[in-house]
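Below is one structure; the comments refer to it alone.
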Amino acid sequence: MDPGVALLVVALTAAAAADGGAGAPGWVPVASGRTTAVIAGAPLGQAVERAVPGRAFAQAVAQDAVLRWTEAATLYQQAILEWSAESRAHPSPALDRAVQKAERERQRSVTLANLELPRPPQPDAVSRAMAVERARLLRTKLMVVRANIGAVPEPLYARTRAALAEAMRGTDGPPATNPTEAQLLLCAAHAAADAPQAARLALARVPTEQRQDPANALAMAVCAAALGDQASALSYLETHLHQRIDSFTQRELYLANDWDRLRGQPRFEALFAGVAPPRY
């Protein structure tokens with residue numbers, strides 16, 4: 001079932017119970033001569049890329065997990081081709097979203113590979129901007145790996161922490177980004193790596209006025225979702241989405257693994273209602 005589908009109520013009227021079906025997966029016992037209401041909801045807690053089968057995507061994630069960005073990008077391209085062919089044969093929003101997710105992860109892997117190439121010394125402003133971009137990408141990859149293999153490998157976790165620390169440290173001159181964002185992304189990274197105490201400590205370092213700043217709403221939502229505070233995550237996400245976010249950005253945001261625990265909940269799906277995935 002597509003994650004964007006709301007609850008469906010099906011009325012079943014049975015003349016007689018089927019023999020031999022009891023106990024089978026998905027079996028709903030129905031009494032003879034009665035009407036039974038069956039509530040079927042969208043699956044909760046499922047990443048969009050796991051809503052459809054895809055071997056190449058899983059192989060790409062495995063390469064991301066060991067920091068092999070170039071190999072991962074190649075496999076993500078295979079996933080795009082695999083799902084695009086399936087989508088042409090059997091169109092569905094779930095497949096369209098999976099293709100979009102594979103393309104976005106391919107782009108991220110390519111960018112990470114480029115950012116880690118040896119290069120001559122850069123001006124401070126350029127170095128800061130690159131550090132921030134690398135930190136954001138690594139933190140996102142950490143979430144993709146966590147969602148698809150169920151754990152965060154220590155090398156990826158360590159590199160993400162180091163990148164976020166570098167982004168927060170900066171150098172002289174105007175900051176390349178809001179340091180609160182990096183602190184909140186560190187909170188999410190710790191939580192995803194099953195280090196809740198470190199995550200809460202990172203959150204505690206964010207002053208109350210910064211938590212209430214609408215500019216930090218998305219980062220607050222990411223941190224809250226990682227910590228399992230779904231109500232707060234939804235509230236912050238609503239605040240962020242009410243700031244005139246364009247449809248392309250909304251589609252990108254919907255795909256993020258940060259929201260996998262929220263996916264399928266009516267309140268979450270309503271935030272993205274009407275934003276259809278692109279066709280490939």
Side-chain angles (χ1 to χ4, degrees), residues 3-4 44-45 47-48 97 100-101 104-105 108 128-129 131-144 146-147 160-161 163-165 167-168 170 174-193 195-196 198-277:
L44 298 177
V48 296
R97 291 191 181 102
Q100 186 187 9
K101 181 64 179 291
R104 194 67 186 93
E105 294 309 323
R108 290 184 175 118
R128 286 196 301 273
V132 170
E133 178 67 5
R134 183 167 171 267
R136 287 172 176 158
L137 290 169
L138 283 167
R139 207 284 312 179
T140 301
K141 287 298 187 184
L142 184 147
M143 297 303 295
V144 174
R146 166 73 171 176
T160 303
R161 296 196 312 270
L164 287 167
M168 284 185 282
T177 189
N178 178 358
T180 298
E181 178 197 5
Q183 191 69 55
L184 291 168
L185 294 182
L186 182 62
C187 159
H190 284 315
R200 295 188 184 283
L201 180 59
L203 176 59
R205 294 193 179 104
V206 178
T208 300
E209 59 270 23
Q210 291 296 319
R211 300 186 193 195
Q212 296 172 347
D213 187 343
N216 297 322
L218 180 58
M220 284 295 301
V222 166
C223 173
L227 286 169
D229 186 352
Q230 297 186 11
S232 293
L234 283 166
S235 293
Y236 284 118
L237 192 55
E238 286 170 345
T239 298
H240 176 71
L241 287 171
H242 289 161
Q243 299 177 56
R244 296 184 178 180
I245 307 301
D246 62 77
S247 59
F248 175 81
T249 303
Q250 287 189 47
R251 283 197 299 266
E252 291 282 299
L253 190 59
Y254 182 85
L255 300 174
N257 294 104
D258 295 301
W259 324 122
D260 288 346
R261 293 179 179 177
L262 306 175
R263 211 174 301 283
Q265 295 186 24
R267 183 180 171 189
F268 173 79
E269 299 296 339
L271 291 175
F272 300 90
V275 182

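Reckoned from all heavy atoms, side chains included, excluding hydrogens, waters and symmetry mates.
For Arg108, the side-chain hydrogen bond (donor to acceptor under 3.5 Å, both in side chains) partners two or more places apart in sequence, or in a different chain, are Glu105. Residues passing the side chain to side chain contact (heavy atoms under 4.5 Å, CB included) test with Ala131 are Glu166, sequence neighbours excluded. Every residue two or more places apart in sequence or in another chain was checked for a side-chain hydrogen bond (donor to acceptor under 3.5 Å, both in side chains) with Gln212, and none qualifies. Legend: residues meeting salt bridge (Lys or Arg N to Asp or Glu O under 4.0 Å) with Arg200, ordered by chain and number and at least two apart, are absent. For the salt bridge (Lys or Arg N to Asp or Glu O under 4.0 Å) test, no residue two or more places apart in sequence or in another chain qualifies with Arg211. With sequence neighbours left out, Asn257 forms a side-chain hydrogen bond (donor to acceptor under 3.5 Å, both in side chains) with Glu49, Lys101, Asp260.
To the nearest 0.5 Å, atoms CD (Glu238) and CG (Leu271) are separated by 5.0 Å. With values rounded to the nearest 0.5 angstrom, Thr140 atom OG1 is found 7.0 Å from Asp258 atom CG. One distance of note links CD of Gln250 with CG of Leu255; it measures 12.0 Å at 0.5 Å rounding. With rounding to the nearest 0.5 angstrom, the OH atom of Tyr236 is 8.5 Å from the CG atom of Asp229.
Minimum interatomic distance between Gln230 and Gln265 (heavy atoms only, all atoms of both residues): OE1-NE2, 2.6 Å. What you find for Ala199 and Ala191 is that their closest heavy atoms are CB-N, 3.6 Å. The heavy-atom pair separating Ala182 from Met168 by the smallest distance is CB-CG, 3.2 Å. Residues Ala189 and Arg139 share a closest heavy-atom pair of CB-CG, 4.2 Å. In terms of heavy atoms, Val206 sits closest to Leu184 at CG2-CD2, 3.8 Å. Heavy-atom minimum distance, Ala167 versus Ala135: CB-CB, 4.1 Å.
Side chains of Ile245 and Leu253 form no contact here, defined as non-hydrogen atoms less than 4.5 Å apart. Between Val48 and Gln100 the shortest side-chain heavy-atom distance does not fall below 4.5 Å. Leu142 has its side chain out of reach of Leu138: every pair of non-hydrogen atoms, C-beta onward, lies at least 4.5 Å apart. Contact of the Leu234 side chain with the Leu262 side chain is registered, since non-hydrogen atoms from C-beta on lie closer than 4.5 Å. Arg267 is listed as a side-chain neighbour of Ser235, based on a closest heavy-atom distance under 4.5 Å.
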Review point. Would Asp213 and Thr180 count as a side-chain contact (heavy atoms from CB on, under 4.5 Å) if you check the C-alpha gap in whole Å, the side-chain angles of each, and the deciding distance to 0.1 Å?
Key: CA-CA 10 Å; Asp213 187 343; Thr180 298; over 6 Å; no
Practice item. Check the pair Arg161, His190 against side-chain contact (heavy atoms from CB on, under 4.5 Å), reporting the backbone distance first and the verdict last. Key: CA-CA 8 Å; Arg161 296 196 312 270; His190 284 315; 3.5 Å; yes
Practice item. Evaluate side-chain contact (heavy atoms from CB on, under 4.5 Å) for His240 paired with Met220, printing each intermediate quantity in order. Key: CA-CA 10 Å; His240 176 71; Met220 284 295 301; over 6 Å; no
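For the pair Arg261 and Phe268, the NZ or CZ position fails the cation-pi test of under 6.0 Å to the six-membered ring centre and within 45 degrees of the ring normal.
A donor-acceptor contact shorter than 3.5 Å is absent between the side chain of Glu252 and the backbone of Phe248.
Judged by distance alone, the side chains of Gln210 and Gln183 never bring a donor and an acceptor atom under 3.5 Å apart.
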